[in-house]
Amino acid sequence: MERTHNNGELRLSNVNTNVTLIGWVAKRRNLGSLVFIDLRDRTGIVQIVCDETLSQQIKDVRNEYILEVTGTVNERKDKNDKLLTGEIEVKALKINIINKAETTPIIIADDTDALEDTRLKYRYLDLRRPIMQQKLFERAHITRVMRRYLEDNGFIEVETPILTASTPEGARDFLVPSRVHPGSFYALPQSPQLFKQLLMVAGFERYYQVARCFRDEDLRADRQTDFTQVDIETSFLSEEQIQDLMEKMLAKVMKEVKGIDIKLPFIKLPYHEAMNRYGSDKPDIRFALELIDITDIFSDSSFAVFSSLDNSDKAIKALVIPNKAQATRKEVDHYTEYAKKYGAKGLVVLKYVNAQIEGSAVKFFTENQIEKLIKELKLKENDLILIVADKWENTCTVLGSLRNYFKEELQLCDPNEFAFLWVVDFPLLEFDASDNRYYAKHHPFTRPKAEDIALLDSDPSKVKACAYDMVLNGFELGGGSLRIYDQTLQAKMFKVLGFTEEQIKQRFGWFIEAFQYGTPPHGGVAFGLDRIAMILTHSDSLRDVIAFPKTASASCLLTNAPSIVDVKQLDELAIALKNK
RNA sequence: GGUCCAGUGGUGUAGUGGUUAACAUGCCUCCCUGUCACGGAGGAGAUCGCGAGUUCGAUCCUCGUCUGGACCGCCA
């Protein structure tokens with residue numbers, strides 16, 4: 001087999017040359033003694049013409065047969081502007097059938113009608129579709145640009161173990177039983193976090209890895225159990241220096257992969273402001289529709305919904321939807337249901353029509369409050385006003401979810417706009433009321449802001465972290481932080497998290513021990529490669545940019561994983577299954 | 001763990017308490033020299049996801065179950 005050209009690259013300039021092509025039969029159009037064959041390879045499709053002299057050779061040729069075609073490139077009489085090769089065709093002189101194919105269960109074309117489960121079962125056929133190939137090519141391009149950028153900036157790729165130790169705190173681990181040590185388990189890494197920090201202790205200064213990570217949690221359209229992280233760690237750099245390096249990397253990706261120039265530096269939005277204005281720690285800032293705080297207006301309200309709240313942690317906020325005052329009862333109920341799904345107790349719905357605020361809650365408002373409301377919400381005729389009153393964080397997230405809901409309903413975003421930003425100054429800790437303890441919001445090795453360290457003793461909830469997330473169009477692309485490199489501070493952090501000396505020793509002892517031998521100040525970031533590829537290829541699901549993804553119930557329809565194993569295998573691992 | 005949606009020829013859909021289960025596409029046979037979603041004629045192909053119940057009778061109604069999807073919880 002000696003192919004001379006790729007199918008998709010033939011143009012008018014190739015006319016009158018002899019070529020040998022290889023590809024799959026995408027379509028056969030038989031006009032009797034004249035037969036057209038669309039021959040597809042990974043570069044595209046070209047039309048092959050076969051006249052009567054070849055009729056015996058191609059008699060049996062059907063879709064998805066693999067052919068080797070030798071012929072002459074001719075200019076077409078009837079051109080096809082839907083094909084890049086549409087100005088030419090190849091007049092076949094010799095056709096060799098390299099392999100036959102059964103009729104495929106799905107149509108191999110961009111607009112296949114197969115549903116996703118069928119596509120996943122026959123993924124190898126689904127991946128023959130040009131659009132799927134294009135997505136995986138684009139994903140590889142993203143990875144390539146990132147790799148080159150990191151290599152050019154002195155980063156070294158180091159591989160870290162897949163079979164490692166279980167680390168508590170965080171997502172559920174996938175466990176792998178040890179045969180050599182019956183009763184003991186490895187865990188698959190949720191991220192190479194601890195290893196990359198040890199590489200900094202080891203003195204590599206700049207590390208990266210295109211790393212497979214595993215989390216045994218339920219899946220979503222934008223979440224898989226195993227996924228790929230571009231994992232990065234640096235020594236001696238500040239938050240700003242790391243962010244600067246990383247946003248330049250993304251700018252390069254956007255330029256080289258999408259041909260788009262994005263503005264540097266990225267906007268930096270403190271967590272608190274992001275929540276207050278957008279109701280999300282990963283806001284889509286392509287559209288405004290910001291939340292407006294009206295807590296002060298109703299500080300002395302007699303309206304039970306507002307007055308029953310705990311003053312130490314409450315927020316009343318409004319979202320104003322233009323031209324939606326005519327929403328039907330059914331629509332309004334739908335918004336309320338939507339808000340409840342995200343934890344709202346209720347939704348106060350008002351309308352601004354004929355320069356008046358209407359709604360069942362209005363009777364609890366004073367003249368003064370109504371006046372202030374009109375002014376502060378900058379109300380215009382036909383505005384719909386949605387108000388949530390709850391604990392600060394709940395109020396924000398509920399309205400933030402509604403904001404995203406209206407983004408879709410009102411189509412407020414240009415899919416070809418890419419709005420990057422950093423969300424910074426995250427809180428270090430989160431208090432969990434049911435466990436009555438603090439949890440690290442990022443992870444227990446995140447460095448607190450220097451000016452907040454004193455607060456670790458007095459008011460841990462107020463401590464901010466040197467942590468940052470890169471956000472694009474409402475998705476978290478990646479997140480990172482500076483890490484604690486001081487043993488005393490790390491000990492204090494563990495204490496705040498409620499660990500005993502013994503627990504620390506047992507869980508993190510090997511890690512902490514490393515820090516006493518000269519640990520550089522370090523910090524890094526990890527990007528969700530799948531998610532970046534999903535957004536840049538305008539895919540609705542991560543599954544579209546992962547070659548062999550899992551379903552929402554974490555199974556693989558192609559291989560039928562996970563599957564039952566032989567009792568003998570279990571015996572070797574000293575595992576007995578519980579009878580159900 | 002929860003809420004919601006879907007499951008009918010290979011594929012994608014329609015539909016009905018009693019049908020010869022419809023349509024498109026794909027597949028097979030034949031015709032066709034300028035098609036490119038080729039066209040024309042004919043044909044094969046479905047225990048209506050599975051189980052139980054209601055009923056004289058269930059693909060349709062009820063319950064359960066399985067599978068797929070979206071979301072909430074969860075995802076340091």
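Please read these numbers as outputs of a predicted model, since none were measured by experiment. Labels below follow one simple rule: chain letters A, B, ... track the order of the sequence lines, proteins then strands, and each chain is numbered from 1.
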Both distances under 3.5 Å, Watson-Crick or G-U wobble: report the partner of [N], or none.
N	result
B/C4	B/G69
B/C32	none
B/G64	B/C50
B/A24	B/U11
B/A58	none
B/U16	none
B/C74	none

Any Lys/Arg nitrogen of [X] or [Y] sitting under 4.0 Å from an Asp/Glu carboxylate oxygen of the other?
X	Y	value
A/Arg119	A/Asp544	yes
A/Glu64	A/Lys100	no
A/Asp284	A/Lys407	yes

The side chain of [X] is closest to which nucleotide in this list: [options]?
X	options	answer
A/Glu52	B/C27, B/U33, B/U11	B/U33
A/Gln47	B/G34, B/U33, B/C27	B/G34
A/Pro105	B/U35, B/U33, B/G10	B/G10
A/Tyr342	B/G34, B/C71, B/C27	B/C71
A/Leu115	B/G34, B/C75, B/U13	B/U13
A/Ala552	B/G68, B/G34, B/G69	B/G69
A/Thr551	B/C71, B/G68, B/G10	B/G68
A/Asp78	B/C71, B/U25, B/C36	B/C36

Can you tell me how far [atom1] in [N] sits from the matching atom in [M], rounded to whole Å?
N	M	atom1	value
B/U20	B/U11	C1'	24 Å
B/U16	B/A21	C1'	9 Å
B/A14	B/U8	C1'	10 Å
B/C32	B/G39	C1'	8 Å
B/A58	B/C31	P	48 Å
B/G7	B/U54	C1'	23 Å
B/A44	B/C27	C1'	9 Å
B/C71	B/G26	P	34 Å

Step by step, would you call A/Gln47 with A/Arg29 a side chain to side chain donor-acceptor pair (under 3.5 Å)? CA-CA 10 Å; A/Gln47 175 165 283; A/Arg29 288 179 295 278; 2.9 Å; yes

Does a side-chain N or O of A/Lys340 approach OP1 or OP2 of B/G2 to a distance below 4.0 Å, or not?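 For B/G2, neither OP1 nor OP2 has a side-chain N or O of A/Lys340 closer than 4.0 Å.
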
Phosphate OP1/OP2 of B/U35: any A/Arg29 side-chain N/O under 4.0 Å: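 A/Arg29 to B/U35 OP1/OP2: no side-chain N or O under 4.0 Å.
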
Expressed as a whole number of angstroms, how long is the span from A/Asp222:CG to B/C72:C1'? 14 Å

Considering every strand and a 4.0 Å limit on heavy-atom distances, what is the contact class for [X]: base, sugar-phosphate, or nothing?
X	value
A/Leu557	sugar-phosphate
A/Arg543	sugar-phosphate
A/Ala109	nothing
A/Ser553	sugar-phosphate
A/Asp111	nothing
A/Glu89	base
A/Ile106	nothing

For the side chain of [X] and the base of [N], is some donor closer than 3.5 Å to an acceptor across the two?
X	N	value
A/Glu217	B/G73	no
A/Arg223	B/C75	yes
A/Arg76	B/U35	yes

With RNA chain B as reference, determine whether A/Asp218 or A/Ser191 sits nearer its 5' end, using the nearest nucleotide of each.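 Final value for this comparison: A/Asp218.
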
On RNA chain B, check which nucleotide each of A/Lys550 and A/Arg220 is closest to and give me the residue with the more 5' one.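 Residue closer to the 5' terminus by nearest nucleotide: A/Lys550.
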
How are the rings of A/Phe494 and A/Phe508 set relative to one another: parallel (under 30°), tilted (30 to 60°) or perpendicular (over 60°)?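 Correct class here is parallel.
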
Mind checking whether A/His443 and A/Phe445 have parallel, tilted or perpendicular rings, split at 30° and 60°? tilted

Flag for [Y]-[X]: side-chain donor and acceptor within less than 3.5 Å:
X	Y	result
A/Ser539	A/Lys135	yes
A/Ser401	A/Arg403	no
A/Arg447	A/Gln490	no
A/Asp425	A/Tyr468	no

Looking at the rings of A/Phe406 and A/Tyr335, which for Trp means the six-membered one, are their centres under 6.0 Å apart? yes

I need a per-nucleotide contact map over nucleotides 40-46 of chain B, read 5' to 3'. Cutoff is protein heavy atoms under 4.0 Å; write B for the base, S for backbone only, - otherwise. -------

